[in-house]
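When a ligand or atom number is given, it counts from 1 through the structure's own listing order. Model, not experiment: these values are computed from the prediction.
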Amino acid sequence: MNYTVQQIAEITHSQIIGDKNVLIKNIAYDSRIIYSIKNTAFIAINTHKNSGEKFIEAAIDRGINVIISEHQYPQFENITWIIVENSIAFLQKLAKYHFENSHLQSIGITGSNGKTILKEWLYQCLWNEFPTVKSPKSFNSQIGLPLSLLQINNSHQLGIFEVGISHPKEMEKLEHIFHPEIGLLTHIGTAHAANFSSEEELIDEKIKLFKDSKVIIYNGDHPIVDQKIKKLYAGRKLISYGLQKENNVFIKNNISKDENIIVEYFGEEISFPAHQRDEATLTNALALITILKVLNIENKKIVEKINLLKAVEMRLESIEGIKGNIIINDSFNLDLDSLKTALQFLNEYNKSKKSLVLTDIVGVNANSQELYEEVSELVNEQHFDSVFLIGDEISKFSELFKSETYTFIDTRELIESKHLTELENQIILLKGARKFEIEKLKDILELRKHDTVLEVNLNAILHNINYHKSLLQPNTKMMAMVKANAYGLGSYEISEFLQHHHIDYLGVAYVDEGVELRKKGITTPIIVMNPEQHSYQTIIEYNLEPEIYSFRVLELFYEAVQKSGYDKKYPIHIKLETGMHRLGFKDFELDQLSETLSDKNLKVQSLFTHLSSSDMPEEKDFTLKQFEVFEKNSSDLIEKLGYTPIRHILNSSGITSYTDHQYDMVRIGIGMLGESSNPEIQKQLQSVVSFKTVISQISMVESGESVGYSRRYKADHLTKIATVPVGYADGIPRLIGNQIGHLGVNKTLAPIVGNICMDMMMINVENVPNIKEGDTVTVFNSKPSLKEFADYCKTITYEVLTSISPRVKRIYIKD
Ligand SMILES: *Cc1c(COP(=O)(O)O)cnc(C)c1O
């Protein structure tokens, strides 16, 4: 944007106090992440939760002198005020005007899942075809969308914007300010569905975005979506994509074969190699190809672009560096917008000294003098202590940079100069175009990695989920049990990953676990298995769904619903007792249960029970009895309720052993972590967890000498002993010391000798070939496996995982 204060006031019918002629190009809404004060106005946004007016002072301190606010604060001098009636309405009015006068081609993306990834992919594919603007991060709300639209400037030819809603009537407001020419509807799932009375209502609301669209591209695998779009938008150019062959754009060949994916687009074939073949990724790829075709990109280019796509790293990576530095690594792509984002991110840190590594901007068709002038202006405002420029192009303009500036031909020259390793207590931003491979700098600057880590392989989780899914009917839903910190692995990280892959439900044990997930942005429905007495209000507040297992819990929870003023039917899950004798309603209670439910504003979302011995073939008769009781009691209850909730019973080993009893949903836990008690199934699963450490020291212990506390091990010959930095405080039971447990070193099992200490233990490594200090030691992964390790501990894999201490760093791997 580029308006004077006067113009802004006219467009939005606001009042001016101060200088009418100041030119405004940016509006900042968060005083902490202002990346540039030049031509920037600060807006104090008031929402029903928060007032941005308390940050006006901080913005003025940063050097801003135009403030948009609902109130004036005369104590600040020499400030121009734009006084508005309502800060959000102001933003929306200005954004609407700006968008409508921008004449750029626009793509609007809505749906439940995949919006952000598709926006980022489209941007990666299109930014060097047309000057393109996009929503930053997942800015898609009543405030985020207008702020995104205001980024449009004269040079942009294409705009890609995400539009997200979570409540009825929201889309109407957003469509009023933004009417995309090309509309894209991604997967419709359960995210945010809770605020709508039905899925249909949700769909109706979302597709309102396309009121003025010329082309509508949508995921046609959803029959209701397909029907509604065809009916409402009959005259438009409609293109459906999806995995089902009835769509206009679909995958022609068998995706499970290891060959190129062949996409059919209105009879035309486009073939490309795909590494990730899960349904969500492939469906998103179909949407991407469809839009690229609509924008007339040639097939050959499309394939090249797909090959270059990188996984979308939503967050810039920030890493602890050597010498007290913080490294911010953004070595993925480089253009002006992403530079701005990185500079914003930098401002979230409080470090007084900072340095920048910046490369040539490649692939942008712009006048380089102008481009680098703009870059240097942005950079100069940050007052970096030193700036390292890499590349011929940018080096030509080094005079423009005011900090201490050094130039290099390539990344290697910078590494050899040793400049970077001299930096101390700084924040160092690495920002470069991909071809310069500045991630190599990260390796040099990064603080030594932790010695003891629990590595969680997210791809393996996906593989294991897909394996279990392949045994089920395609429409059987799946709940992932992420209770107890996702079996010790990290509930947020795992849930976030599963949500991205469209898991239908998440299951936690306690309310706190659900609240943590909601606070961090998980929107998938969450069931709480053990709703505690004083937590019912919190359940409602955070949109969690309780398991109801007794009349006492039912009454208490309903009381809380009434108190909260919740005016729709609150979703609950009824647990039936079928033989486990833990929690649940028994058969003689069902009459009373249906009666009690009938006059309450509650919706039984599901009916379920739990198997006690699904992993024990010898208890098959008992398990079949549980199914029988469940079938009878749930059917009875359904008849009395007069509607049919989802039914579910199978846990992981139930899925593999009793597939016929899958009902409408299954609940996977240990199976997604790659463990099965059935050796045949075990072979199909991938190992998810790797607990490793390194050897701290190797000693030769003389015959007759002892090792560790209480002298429990005595060498009877000269013995090579290694000390490793894990102990019982990390969750290794002390009971497996004294040659009961073994650790893996160089593919050999080495027995633990002596008593295990709190933070360390010793192992006998005399039989391990080529061993040296610093070598990796496997507590469990493949040798020993998690199962073997659990056997040393005389327990089950579940207990091993949930006992690993929080102090062991969890690292998540995704390739
Ligand atoms: C933990 C749990 C599961 C998952 O069990 P796994 O054996 O790990 O698959 C399923 N249902 C309920 C009710 C659970 O508590």
Side-chain angles (χ1 to χ4, degrees), residues 460-461 464-469 471-472 476-489 491 494-495 498 503-511 513-514 525-532 544-550 553 572-585 605-617 619 623 626-627 630 634 645-659 661-678 681-682 684-685 687-689 786-787 790 795-803:
I461 293 185
N464 297 332
I465 289 207
N466 285 339
Y467 172 73
H468 285 85
K469 275 195 177 164
L471 306 175
L472 300 167
T476 302
K477 293 185 191 312
M478 189 172 267
M479 177 186 302
M481 301 307 294
V482 292
K483 60 191 184 207
N485 197 25
Y487 293 33
L489 304 187
S491 85
I494 307 284
S495 301
L498 295 171
I503 200 82
D504 298 289
Y505 255 98
L506 293 168
V508 297
Y510 293 103
V511 171
E513 299 175 329
I526 298 176
I527 172 167
V528 179
M529 299 287 165
N530 261 309
E532 293 169 294
L544 306 170
E545 302 176 13
E547 162 181 327
I548 303 288
Y549 53 82
S550 71
V553 175
I572 59 168
H573 300 262
I574 298 284
K575 176 78 160 283
L576 300 177
E577 160 54 37
T578 56
M580 174 107 171
H581 293 292
R582 191 166 67 175
L583 297 175
F585 288 97
Q605 190 79 7
S606 84
L607 290 175
F608 73 110
T609 190
H610 193 42
L611 297 174
S612 77
S613 312
S614 60
D615 56 347
M616 300 175 75
E619 291 293 355
T623 305
Q626 279 198 285
F627 287 125
F630 181 66
S634 62
I646 296 174
R647 284 193 279 184
H648 46 112
I649 180 164
L650 301 181
N651 62 345
S652 305
S653 47
I655 299 172
T656 53
S657 307
Y658 300 97
T659 315
H661 299 266
Q662 60 192 271
Y663 287 93
D664 314 302
M665 179 156 81
V666 297
R667 303 185 304 268
I668 193 167
I670 200 84
M672 71 180 167
L673 308 185
E675 297 300 319
S676 169
S677 56
N678 176 334
I681 305 291
Q682 184 66 53
Q684 306 293 323
L685 301 177
S687 156
V688 168
V689 192
L786 172 55
K787 177 83 179 64
T795 184
I796 51 176
T797 53
Y798 303 71
E799 190 184 345
V800 170
L801 290 175
T802 53
S803 304

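- Considering only residues two or more places apart in sequence or on other chains, Thr797 meets the side chain to side chain donor-acceptor pair (under 3.5 Å) condition with none of them.
- With hydrogens and angles ignored, the 3.5 Å screen pairs a side-chain donor or acceptor of Ser652 with a backbone N or O of Gly669.
- In this structure His610 satisfies the side chain to side chain donor-acceptor pair (under 3.5 Å) test together with Arg667, sequence neighbours excluded.
- No donor-acceptor distance shorter than 3.5 angstrom exists from the side chain of Glu532 to the backbone of Tyr510, with no hydrogens or angles considered.
- A search for ring pair (Phe, Tyr, Trp, His ring centres under 6.0 Å) contacts involving Phe585 returns Phe551, not counting sequence neighbours.
- Contact residues for ligand 1 (protein heavy atom closer than 4.0 angstrom to any ligand atom): Met481, Lys483, Tyr487, His610, Asn651, Ser652, Arg667, Gly669, Ile670, Tyr798.
- For the 3.5 Å distance criterion, the side chains of Thr656 and Asn678 fail to qualify, holding no donor opposite an acceptor.
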